[in-house]
Structure formats: C-alpha cells, structure tokens
Amino acid sequence: EINMRIMYNKTAWKLIEQTQAGGPTDIAVEVTADYPMVSLVAMLFPSPDWFVGIRGVNLCDGGMWRDSLNITTLQPWDAGTEDGDMFSINNTATDPVENITLITKDTAGTPFMGPNDIATLGRLMFKRVNKPMVYSCSGEQKYKLTFKGTWSETRQPVTTFPENAHFSPLIGCTHKY
C-alpha cells in the first residue's frame with residue numbers, strides 16, 4: 001500500500017523498513033522539504049492486532065531541520081481489525097472493522113488493564129547524520145532512526161506475559177501530510 005502511494009499519488013516519498021524483527025535497530029530515514037513527516041508502526045507479537053507507532057512526526061520544526069528527536073513514550077494501540085483481548089494470534093476478524101484506539105490501563109479485558117499507567121513499550125530516536133551549513137528545511141536530510149523496544153515481563157507486569165514476546169519489524173514511510 002505504501003509503495004502504491006509512492007508510485008501513483010505522491011503523498012509518500014520513501015519506504016522505511018526494518019528488514020527483520022530483532023534485526024538492526026538503526027534504520028536510515030531520508031526526508032525532504034516536501035516530505036518531512038515520518039509515520040511508523042511495529043506490531044506486538046503475539047497479539048490480536050496491537051501495535052506501537054508514530055504518526056506524522058515532522059522532522060522540520062519551525063523551518064529548520066531537527067538535529068535530533070527522541071520519542072520516549074510508545075503506548076500500545078488496537079488496530080480494530082481483530083477480536084481478542086489477550087496475547088494470541090488466532091483471533092476472528094472484527095466485523096465491521098473498528099477505529100484505531102489507544103489501549104490504556106482502563107481498557108477493559110486487556111492484559112494491560114490495572115491500577116497503574118502502562119509503562120512505555122519502547123522509544124524512537126532520530127539523529128541527523130548529514131549536517132550541511134544550511135539548516136533550513138531544504139534539500140534532502142538523512143537521519144539514523146534507533147528503535148529501542150522496552151516491552152518485557154518486568155516492565156509490563158500482566159497476568160500472563162506471552163512467551164516469545166517481540167515486535168514485528170518496523171514499517172513506515174516519509175510523507176507530505
């Protein structure tokens with residue numbers, strides 16, 4: 001779907017993908033003045049359709065390229081495409097599909113429900129790698145994106161933490177809006 005947007009309607013510019021789950025955490029990201037925004041997701045596995053991610057993070061701030069940006073709070077989201085409220089992958093499709101919603105400590109029936117806020121499941125760090133003399137948002141800029149997953153049994157004490165818990169590879173794109 002991202003490749004179709006890149007080819008046909010030009011709302012997306014570059015695909016961003018981690019080649020394998022648990023693979024290299026440093027990923028190259030290229031942005032331009034026309035495509036300064038980044039959106040990324042990684043699925044929690046196993047889960048019905050839960051994920052972490054960012055949407056429309058602009059690396060051009062006030063007309064200047066950011067040197068770095070740290071997103072330290074990645075919360076779980078429900079994509080609304082599969083029924084299920086536990087860490088499992090064999091779930092029926094949600095019909096009709098529901099809106100994407102944030103999972104909180106108050107989301108009934110999920111293993112995240114409890115008295116305390118959900119600890120961040122990970123963080124993303126963008127670091128600009130080429131720094132030309134002109135800092136204004138023009139031309140192409142390259143960033144190193146580091147994804148650090150912090151989802152673990154000790155940080156997210158739930159009733160039944162899943163065996164082999166991990167994130168899918170990150171996928172996303174740079175885009176206009």
Side-chain angles (χ1 to χ4, degrees), residues 1-60 65-66 68-84 87-94 97-103 110 112 118-130 140-152 155-156 162-177:
E1 186 175 326
I2 293 171
N3 283 330
M4 295 301 283
R5 292 203 179 267
I6 291 170
M7 288 182 349
Y8 294 110
N9 65 9
K10 304 294 184 195
T11 58
W13 183 57
K14 289 273 187 174
L15 179 67
I16 301 167
E17 61 184 329
Q18 189 179 16
T19 55
Q20 62 186 21
T25 57
D26 291 344
I27 302 161
V29 174
E30 294 178 45
V31 292
T32 69
D34 290 336
Y35 300 93
M37 296 184 172
V38 177
S39 294
L40 298 161
V41 296
M43 181 182 169
L44 297 169
F45 185 86
S47 76
D49 58 357
W50 302 335
F51 66 95
V52 296
I54 58 171
R55 178 177 167 253
V57 171
N58 197 337
L59 294 176
C60 178
W65 291 117
R66 296 176 189 263
S68 63
L69 176 67
N70 294 322
I71 298 167
T72 58
T73 304
L74 292 177
Q75 297 298 325
W77 291 83
D78 184 337
T81 60
E82 288 188 14
D83 293 334
F87 293 111
S88 64
I89 58 171
N90 298 320
N91 303 289
T92 58
T94 302
V97 173
E98 297 176 357
N99 290 331
I100 295 172
T101 56
L102 180 64
I103 298 172
T110 71
F112 295 104
I118 300 170
T120 183
L121 302 185
R123 67 179 184 259
L124 296 167
M125 294 146 290
F126 292 88
K127 177 91 173 141
R128 192 160 63 127
V129 294
N130 63 327
E140 217 177 273
Q141 287 298 299
K142 294 181 181 178
Y143 287 82
K144 176 178 79 171
L145 168 63
T146 303
F147 173 53
K148 172 83 170 134
T150 58
W151 183 40
S152 69
R155 289 185 49 82
Q156 279 78 30
E163 280 189 48
N164 193 28
H166 63 276
F167 291 101
S168 72
L170 280 172
I171 184 121
C173 68
T174 58
H175 54 94
K176 285 184 179 191
Y177 39 79

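The basis for the numbers below is simple: all heavy atoms, side chains too, and nothing from hydrogens, waters or symmetry mates.
In plain terms, the two heavy atoms of F112 and I118 that are nearest each other are CB-CD1, 3.5 Å. Minimum interatomic distance between G149 and F167 (heavy atoms only, all atoms of both residues): CA-CE1, 3.7 Å. A pairwise comparison of heavy atoms in I27 and E17 identifies CG2-O, 4.1 Å as the closest pair. Across all their heavy atoms, F87 and P162 have their closest contact at CD1-CD, 3.5 Å. Nearest heavy atom pair, residue P76 against residue L44, reads CB-CD1, 4.2 Å. Contact record, E140 with E30: OE2-OE1, 2.8 Å, taken as the closest heavy-atom pair.
A distance-only check finds no donor-acceptor pair linking the side chain of T174 to the backbone of P36 [under 3.5 Å]. Using a distance-only test at 3.5 Å, with no hydrogens or angles considered, no donor-acceptor pair links the side chain of E98 to the main chain of G80. In this structure, the side chain of Y143 engages the main chain of R66 through a donor-acceptor pair within 3.5 Å. Remark: the backbone N or O of L74 is paired with a side-chain donor or acceptor of T120 at under 3.5 angstrom. Panel note: side chain D49, backbone T81; a donor-acceptor pair is recorded below 3.5 Å.
Note that CD1 of I103 is 10.0 Å distant from CH2 of W77, once rounded to the nearest 0.5 Å. Distance check, rounded to the nearest 0.5 Å: NE2 of H175 to CE of M37 gives 7.0 Å. In this structure, CD1 on I71 lies 12.5 Å from CZ on R123, to the nearest 0.5 angstrom. Residue M125 holds its CE atom at 8.5 Å from CG of D26, rounded to the nearest 0.5 Å. Remark: L121 CG to Q75 CD distance equals 6.0 Å, nearest 0.5 Å.
Counting heavy atoms from C-beta on, the side chains of L40 and L145 come closer than 4.5 Å.
With sequence neighbours left out, the side-chain hydrogen bond (donor to acceptor under 3.5 Å, both in side chains) criterion links T94 to D83. Shown here are the ring pair (Phe, Tyr, Trp, His ring centres under 6.0 Å) partners of F126, two or more places apart in sequence or in another chain: there are none.
Between M43 and the choices S168, P169, P48, the side chain to side chain contact (heavy atoms under 4.5 Å, CB included) rule is met once, by S168.
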Only distances under 3.5 Å count here; give the side-chain donor-acceptor pairs of residues 50-60 to other protein atoms, sequence neighbours excluded, each with its distance to 0.1 Å.
{"from": "N58", "atom 1": "OD1", "to": "C60", "atom 2": "N", "distance (Å)": "2.9"}

